[in-house]
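Any value given below was found using the heavy atoms of this structure, including those in side chains, with hydrogens, waters and symmetry copies removed. We name chains A, B, ... by the order of the sequence lines, and we start the count at 1 in each one. What you see is a predicted model, and the numbers here were worked out from it, not measured in a lab.
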Amino acid sequence: MRLSRYFLPILRETPKEAEIVSHRLMLRAGMIRQESAGIYAWLPLGLRVLNKINAIVREEQNRAGAVELLMPVIQSADLWRESGRYDDYGKEMLRISDRHERDMLFGPTNEEMITEIFRGSVRSYKDLPLNLYHIQWKFRDEVRPRFGVMRSREFLMKDAYSFDLDAEGARHSYNKMFVAYLRTFARMGLTAIPMVADTGPIGGNLSHEFIILASTGESEVFCHQNFLSLPTAPASIDFDDRAVMQAEVDRWTHDYAATSDMHDAPRFDALPEEAKVSARGIEVGHIFYFGTKYSEPMGAVVNGPDGKAVPVQMGSYGIGPSRLVAALIEANHDDNGIIWPESVAPFDIGLANLKPGDGPTDAACQSLYAQFTDAGFDVLYDDRDERPGAKFATMDLIGLPHQVIVGPKGLAEGKVEVKNRRSGVREMLSLEEVVNKLVAGRKR
RNA sequence: CGGGGCAUAGCGCAGUCUGGUAGCGCGUCUGCUUUGGGAGCAGAAGGCCGGAGGUUCGAAUCCUCCUGCCCCGACCA
């Protein structure tokens, strides 16, 4: 993509409303634009990151056996009256009516709808286990939206729903999502710590929040030092093996970890001093097992092996990709801007032409652009007629992992500069070496 | 939902107290000179001063109401 043809409205100054670093940087880097309190438009650069995150979420959901579908944003109030939550949910639910004055709502979550879909088509225990998920916009009319997309009213959520015949099966479904979540966050370069959680309005009796540590986190968290270095399960782990899944979950729930609402101070205090981690955290995922809370009132039943109808055991599993964009920036930035992990970067390489209009420089850039693109990289080519300083500042701000800087000075010696955004390391290499280096780096 | 604040050019702000032709910096556009860490000079464009009423010869400025947004707290993927 040529920057001169792209839409990247960068701000040189920080809008005053942005309090936390991710919000500031998202606005400055032209990723989002606020349209209303807690409601944002995703500009091209931001959308690219969101899509990269979604792709990782999908891969890991699919790997764990979940199946993607897509449910509507607008739901009927009648569905929510069946579960009793139409009255329980309160003012956070945005209630609307259509032209026939039917009560509708903008979905804050989808337990009711997925249960309705399930009961309409599944009759036998032989169709279980089943896990259905979608990635869809949600609306929760927060009293006080803040921190940009970290706590917005409209937000993107991946929500999965599992259906099992019995509690043991449901536990396995829960464990699969637990492991899939750890892998999902690890692939984004985040250390997410599962913490025993309150179940809130979703209900149920088994729940974990996945928290990443960040100084700007909204909640206070306590955990054992061990979590900071626990290795994540490999992609090859057998999601169908109940014992393997349980062992993996046990490994990740063995040590103490809790948010302030669930904090067990005596237990934490008993830890050796060097093992205590007390910090702030951002919730990036939340999983629940809630049994028959919805299946029973809504009549989602299957015939068991004995021919008797039983309500299915359910769980739900949420990840907020839009919040993750902000969380990733909180965890990856410096004074100059964002530092994207490679797996979610909007572009892999930023190619800066320091002197557009100069024949040899243009030619070298064109050649590199073609070679990078052929090698499968997403390249943002800064061909704008700007001074070098402005280009460097832009590149650092938007945080692409690799910067390739091409100017007459280097080219006189047949070289271009490659800079690693995270380490800051710069090298002068020939055109051929640059391509080889980046290709080799990606395979590693 | 309680408390506090803000609203003037794309962004950041001054002007409001004490009413009298709408300002500054950055950005944008034109030209020239520049070109390896946000250039210099010259010129230009861009505003129903959040909205509606009111007071006044005259309102960005004073009064009333409304709306939007932000911050602190309580609540939450």
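In this structure, A:Lys419 reaches the bases: a heavy-atom distance under 4.0 Å links it to at least one base atom across the strands shown. Residue-level contact check: A:Lys91 touches the backbone only, with heavy atoms under 4.0 Å from sugar-phosphate atoms and none from bases. No engagement by A:Gly320 is indicated, since no non-hydrogen atom pair under 4.0 Å with the nucleic acid exists. No engagement by A:Arg153 is indicated, since no non-hydrogen atom pair under 4.0 Å with the nucleic acid exists. Counting any heavy atom pair closer than 4.0 Å across all strands shown, A:Thr361 reaches no nucleic acid atom.
Of all nucleotides listed (B:G36, B:C75, B:G27), B:G36 comes nearest to the side chain of A:Leu354. The side chain of A:Leu397 lies closest to B:G38 when the candidates are B:G38, B:C1, B:U35. Minimum atom distance to the side chain of A:Glu142 is reached by B:C75, of the listed B:C75, B:C71, B:G37. If you check B:G36, B:A74, B:C69 against the side chain of A:Ala37, the one that comes closest is B:C69.
Between A:Gln34 and B:C70 there is a side-chain polar atom (N or O) within less than 4.0 angstrom of OP1 or OP2. Between A:Lys391 and the phosphate of B:G36, there is no side-chain N or O to OP1/OP2 separation shorter than 4.0 Å. Note on A:Arg12: a side-chain N or O is less than 4.0 Å away from OP1 or OP2 of B:G27. Distances shown here put a side-chain N or O of A:Arg387 below 4.0 Å from the OP1 or OP2 atom of B:A39.
Using atom P as the reference point in both B:C62 and B:U16, the two lie 9 Å apart (nearest Å). Using atom P as the reference point in both B:A7 and B:G51, the two lie 13 Å apart (nearest Å). For the P atoms, the distance linking B:C48 with B:G4 amounts to 32 Å, nearest Å. B:C26 and B:A45 are spaced 16 Å apart, taking the C1' atom of each and rounding to whole Å. Separation of the C1' atoms belonging to B:A74 and B:G19 is 43 Å when rounded to the nearest angstrom. When the C1' atom is compared between B:G43 and B:U35, the two are found 22 Å apart, to the nearest whole Å. For the P atom pair drawn from B:A39 and B:U21, the interatomic distance equals 37 Å after rounding to whole Å. Nucleotides B:G58 and B:A9, compared at atom C1', are 25 Å apart to the nearest Å.
The pairing partner recorded for B:G19 is none, the criterion being a Watson-Crick or G-U wobble arrangement whose two distances lie under 3.5 angstrom. Across all strands shown, B:C24 forms a Watson-Crick or G-U wobble pair, both distances under 3.5 Å, with B:G12. The pairing partner recorded for B:C41 is B:G31, the criterion being a Watson-Crick or G-U wobble arrangement whose two distances lie under 3.5 angstrom. In this entry B:C1 has B:G73 as its Watson-Crick or G-U wobble partner, both defining distances falling under 3.5 Å. Figure legend. B:G53 is base-paired to B:C63; pairs are counted as Watson-Crick or G-U wobble with both atom distances under 3.5 Å.
Side-chain contact between A:Lys293 and A:Met314 is absent, with no heavy atoms from C-beta onward closer than 4.5 Å. With a 4.5 Å cut-off on side-chain heavy atoms, A:His23 and A:Met150 do not count as touching.
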### Query
Could you go step by step and tell me if A:Phe377 and A:His402 meet the side-chain contact (heavy atoms from CB on, under 4.5 Å) rule?
CA-CA 11 Å; A:Phe377 289 109; A:His402 304 283; 5.9 Å; no
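Rounded to an integer number of Å, the gap from A:Glu19 CD to B:G5 P is 17 Å. Summarising the geometry, the separation between CD on A:Gln403 and P on B:G36 is reported as 16 Å, rounded to the nearest angstrom. Rounded to whole Å, atom C1' of B:C69 lies 13 Å from atom CD1 of A:Ile39. In this structure, the CZ atom of A:Arg426 is 8 Å from the C1' atom of B:G37, given to the nearest Å. Rounded to whole angstrom, the span from the NZ atom of A:Lys355 across to the C1' atom of B:G37 amounts to 17 Å. Between the CG atom of A:Asp396 and the C1' atom of B:G38 there is a distance of 11 Å, rounded to whole Å. Taking atom OH of A:Tyr40 as the reference point, atom C1' of B:C70 lies 10 Å away to the nearest angstrom. When the P atom of B:C71 is taken as reference, atom CZ of A:Arg146 falls 8 Å away, rounded to whole Å.
Distance check: A:Asn110 CG to A:Glu112 CD gives 8.5 Å after rounding to the nearest 0.5 Å.
Summary of the strand contacts: A:Ser322 and A:Gly38 both lie near RNA chain B, and taking for each the nucleotide with the nearest heavy atom, the more 5' one is attributed to A:Gly38. In terms of position on RNA chain B, the residue among A:Gly318 and A:Ala18 whose nearest nucleotide sits closer to the 5' end is A:Ala18.
Judged by a 6.0 Å distance limit and a 45° cone about the ring axis, A:Arg95 is positioned over the six-membered ring of A:Tyr86. A cation-pi contact links A:Arg48 to A:Phe347, judged by a cut-off of 6.0 Å to the six-membered ring centre and 45° from its axis.
Ring pair A:Phe210/A:Tyr181: centre-to-centre distance below 6.0 Å.
Ion pairing between A:Asp348 and A:Arg442 fails under the 4.0 Å rule for side-chain N and carboxylate O.
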#### Entry: Sequence-aligned protein contact record of nucleotides 7-16 of chain B, with B where the base is within under 4.0 Å of a protein heavy atom and S where only the sugar-phosphate is
----BSS---
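Between A:His208 and A:Phe178, the ring planes are perpendicular. Angles over 60° get that label, and only those under 30° would be called parallel.
Test A:Lys391, A:Lys419, A:Arg422 against A:Asp396 for salt bridge (charged side-chain N to carboxylate O under 4.0 Å, His left out) and you get one pass: A:Lys419.
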